[in-house]
Amino acid sequence: MTASPARLTVNAAPVDLTPVPVDERLLDTVRWRLGLPGTKEGCRTGECGACTVLIDGRSVLSCLALTHEFAGAAVTTVEGLEGDPAGARVRAAFEAEGALQCGYCTPGFVVALTSLLKERGTEASAEELLEDLGGNLCRCTGYAAIVRAVRRIHGEMP
Amino acid sequence: MTFTVRPDADAKLRGQVAFATDRGVPGMLWGALVPAPVARGRIRSLDLGPARAIDGVIAIGPADLARLLPGVTGAVERPVFPTDRIQYHSQPLAAVAAPTRQLARRAARAVRVDVEPLPPLEEIEGFDPVHPGPDRPDVIAHVLARHGDLDAAFGSADFVLSETYRTAGVCQVALEPHACIAEIQGDVWHVTTSTQTPFGAREDLASMLGLPEERIVVEGTWVGGGFGGKGAPLVEPYALLLARASGRPVRLALSYREEFQLGRTSLPSVVRIESAVKGGRIAGRRVHWRLDAGASLPGRDFTTGYAIGFILGPYRIPAIEMEGYAFRTNKPPLGPHRAPMAPQCVFAEESHMDHLAARLGVDPVAFRRAHVWKEGDRTHLGQKVGPFGLDRCLERAGALAATWSQDAAPHTGVAVGVGFWSTATGAGGEVRLVLSPTELKIIEGEREIGSGSVIRGIVAVAETVLGISRDRVRVDYHDTRSAPFDSGVFGSRTLAALGQAVQKAALALRDELGKRLSVPAGSVQLAEENGELVAVSGRRRAKIRSLLTATELALGGLTGEGRHYGVSGEIDTARVVEGTFYPYTDFTGAAHVAMVQVDPETGAVRVMRYAAFQDAGKVVDLPTAQGSIEGGVAMGLGTALTEETTWAEDGRMSNAGLLDYRIPTLGEIPPIEVHFEEGFLGAGPFGAKGLGEPPIIPVPATVGNAIFAASGVAMTELPMTPERVARALKLL
Ligand code: FES
Ligand code: FES
């Protein structure tokens, strides 16, 4: 597979991946090339949400994204949400409601929900946020505590 | 009970927890498996040449085993690679390793396999199991038990209700696929893996590879969901052999497709259940069960003789007969899926109960309560029933169902279903506690699989006994070299059984502190003072540091050990005609209530409200207990409504992906009320009963009964897809 140039920003740091094979997925780039394993590898076919990252602020399934197609983009993984106030709010709500068990789906939920909060802020109702999380699967919690966490965040919105 | 945040929550939320899939080591190779192209057939030839011709690729097949395992003597029960007969589709025939994932996949595809296909054996119905005849699956287990005068019960019955139920196979679908990293370190075969049972994996690997157990080291990682699927080794033997062949560490992870195809899932079953009713009571019940065991090994069957008891139900029935067969078909080997086959057996039994009550024109909850076991009753195999809160759960569920029924809209039905399970299984374990001047370490081999049973469950036991605050307790995971033996995180046993070992170890520490303080042991509790632990008894206070000897301080602290090897109850073997049946340890009941709406035009079922009343003995940690019930109910809703493995005519699993095999999504789960019934104490610490499996068991039955209440149609097949419901409603 021929390689292409790929310069991107990952968690606010510029990285130059040139040359990157054209079939390399962003999921593998962040996990194996950049050593950021917080982004989880579930189905690798776009069906579970465990691999969710932000590209220019929007949720993307990194298992379906080819790295070279995102040259120039700003990628944020769960590791990059450390200092983010919306991310902190999501983490606090998940902790308080016990919205995780095995934790394998958890980074995907945190990233997806954080981006929804940043993007839609107070305009979105809890129901809308929940609907937008429909692509993230969780096998352990039965979603009950995740739903409570989302409602808690919504209740806390300014 | 105060709310406690899980100690692993923060790290998991920040993506800082390393699962087996996340592990990488320098110089590692990526493994891949070579799948059988047919479900049944003979291998004519297997040519690894084209894979080996790719630069950097290592390939191994059956012919390499003798070379890789020199000095191995004795027959291996299940060879790692088949030499002759293919047992199921995608069965690994060979394995490859390469410097990159892509290259490994390419190499696996390059292997040339020539097979003579045979028609797969898939049917478990339509033939006499005693004389199956040629081209029928073999019987790998047959169980038969009887008690009471069945002929009289059926001969004098007011009526007999006879029904047949069919249930589909379901997959665990842990989000984390199976993954491991294997490395040969001198004489030691080391594997870091996502497993529910490090010691069980070691034992199985030893037998599969023909190596002594001491030469195998299993190191557990955080487990991204188990549900029974991460018990027996799956990827580990191949990874170890590839590591041996290449001299490099090898990472082997299943693709999600393989996860479905090779995961040890549950498989289809057929239940016939007949009840003889006289004077409004069940006078006799006969059940016949056929279970598809896939390519399971003969003689390794636990499920048949265990789950079949659930078809008779937790009810007093004077005359019973149960007979079960497990068949060896060309599907992947049957595996344990959260409460193995119990939701399916209970679906048949509890649906049947509602149909009996309807036929009698009586309230189904009252009908159950007239029969349900209470402490002191005898099970169908004559075991004495221990403390059992099911009747009380039923009473509360019945009251809630009556309330919900009042606001039931058209096409809406409310119903109850029950289930029971035995936790605190006889399988044993040990634990070591080390009390240092500043913390308490729990040294053990089990990793947290998600339920919280390790990180909260057993920790809460130590906290309660010693009065120590939870941020002073740390679970210290060891590999199988240095961890005390434990049989694993399965069977709802972690809190209930391993928790007893922790309780004993904590009590041993407390006794020792009492001695050193010269106070009654029971009076000692731990507290904190300026960052140090102190032992407190009334007015006596002493720093732990001051109570330890110099040697103890040098060794890290005072050690307390606990062992728990449980005893199960006894069954009356006179009732067993053939096969192996298993006794229960404790009796854990649950009664559920569902409100569903059935679309009269499409047959689609929407679960609107759900409630679970769980006989818990004693709740040790409320948030994890509640999470376990919610998660179990949700998983059960999948079994009830959408989840089903489907098999093409050639024996291939035809829906091996999350888009086609549908687990519940966020929007499909109704609000779930969780209620605990405490006081009917189990064998666990403080009377706790295990809560991992019980909550899934009644779900399909409860939903089926609610569909029956809503529409009047009796559902007899799982899952209850819109198509099946529409057919039952005669819409199709
Ligand atoms: S791993 Fe990307 S959606 Fe599942
Ligand atoms: S917490 Fe395990 S999959 Fe969500």
Side-chain angles (χ1 to χ4, degrees), chain A residues 1 21 23-24 28 31-32 35-50 77-82 87 90-92 94-111 130-147 150, chain B residues 3-6 8-19 21-24 101-102 172-177 222-227 253 255-257 259 448-452 623-624 626-635 637 657-659 663-669 671-672 674:
Chain A
M1 224 34 97
D23 62 350
E24 181 166 312
D28 295 327
R31 283 169 56 82
W32 298 104
L36 296 168
T39 304
K40 295 302 164 212
E41 170 178 325
C43 61
R44 292 178 72 84
T45 49
E47 294 160 16
C48 76
T77 68
V78 69
E79 290 93 344
L81 295 177
E82 279 295 317
V90 169
R91 289 196 298 267
F94 268 56
E95 261 202 1
E97 295 295 347
L100 65 130
Q101 291 187 22
C102 78
Y104 207 77
C105 70
T106 309
F109 271 99
V110 170
V111 171
L130 288 169
E131 205 177 307
D132 285 346
L133 283 177
N136 287 74
L137 296 180
C138 173
R139 190 56 153 172
C140 300
T141 64
Y143 308 103
I146 295 174
V147 170
V150 171
Chain B
F3 188 92
T4 41
V5 171
R6 291 173 64 119
D8 56 350
D10 189 62
K12 285 179 173 175
L13 285 158
R14 292 174 195 273
Q16 286 169 352
V17 151
F19 295 92
T21 45
D22 300 332
R23 297 292 184 99
R101 185 201 302 259
Q102 285 87 341
Q172 294 86 356
V173 196
L175 272 234
E176 172 208 39
W222 291 92
V223 178
F227 313 112
S255 72
Y256 224 79
R257 167 176 290 276
E259 195 61 27
E448 176 56 52
I449 71 167
S451 67
T624 47
Q626 179 171 342
S628 194
I629 306 297
E630 290 166 344
V633 166
M635 207 165 172
L637 289 173
L658 286 168
L659 225 46
I663 68 167
T665 58
L666 194 149
E668 291 165 341
I669 301 298
I672 301 166
V674 178

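Chain letters run A, B, ... following the sequence lines, proteins first, then strands; residues in each count from 1. Since this is a predicted model, take the numbers as computed values, not measurements.
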Write down the atom of [X], the atom of [Y], and the distance for their closest heavy-atom approach.
{"X": "B:L175", "Y": "A:L137", "answer": "CD1-O, 3.5 Å"}
{"X": "A:F94", "Y": "B:L13", "answer": "CB-CD2, 3.5 Å"}
{"X": "A:Q101", "Y": "B:R6", "answer": "O-NH2, 3.3 Å"}
{"X": "A:E47", "Y": "B:L658", "answer": "OE1-N, 2.9 Å"}
{"X": "A:R31", "Y": "B:T21", "answer": "NH2-O, 2.7 Å"}
{"X": "A:G42", "Y": "B:P177", "answer": "O-CG, 3.8 Å"}

Could you tell me which portion of [X] (side chain, backbone, both or neither) has an atom closer than 4.5 angstrom to a non-hydrogen atom of chain B?
{"X": "A:Y143", "answer": "side chain"}
{"X": "A:R44", "answer": "side chain"}
{"X": "A:V147", "answer": "side chain"}
{"X": "A:T45", "answer": "neither"}

Contact part of [X] toward chain A, heavy-atom cut-off under 4.5 Å: side chain, backbone, both or neither?
{"X": "B:R23", "answer": "backbone"}
{"X": "B:Q102", "answer": "side chain"}
{"X": "B:Q626", "answer": "side chain"}
{"X": "B:E630", "answer": "both"}
{"X": "B:S255", "answer": "neither"}

*Heavy-atom pairs under 4.5 Å with chain A, option from B:A11, B:G15, B:A253 with the top count*: B:G15
_Just so I understand: if I count every heavy-atom pair under 4.5 Å between each of B:V633, B:D10, B:L637, B:D8 and chain A, which residue has the most?_
B:D10
_Counting only heavy atoms from other residues, nucleotides and ligands, does the tally under 6.0 Å from CD of A:E82 exceed 12?_
yes
*Going from CG on A:L36 to CG on B:D22, what distance comes out if it is rounded to the nearest 0.5 angstrom?*
11.0 Å
_Close side-chain approach of A:P37 and B:F19, heavy atoms under 4.5 Å_ = no
*asked:* Is any side-chain heavy atom of B:R257 closer than 4.5 Å to one of A:C43?
replied: no
*What do the steps show when you test B:E176 against A:K40 for side-chain contact (heavy atoms from CB on, under 4.5 Å), and what is the final call?*
CA-CA 8 Å; B:E176 172 208 39; A:K40 295 302 164 212; over 6 Å; no
*Determine the option with the most heavy-atom pairs under 4.5 angstrom with chain B, choosing from A:A99, A:C140, A:G134.*
A:C140
_Only pairs of heavy atoms separated by less than 4.5 Å count here; which of A:A145, A:G38, A:C102, A:C138 has the most with chain B?_
A:C102
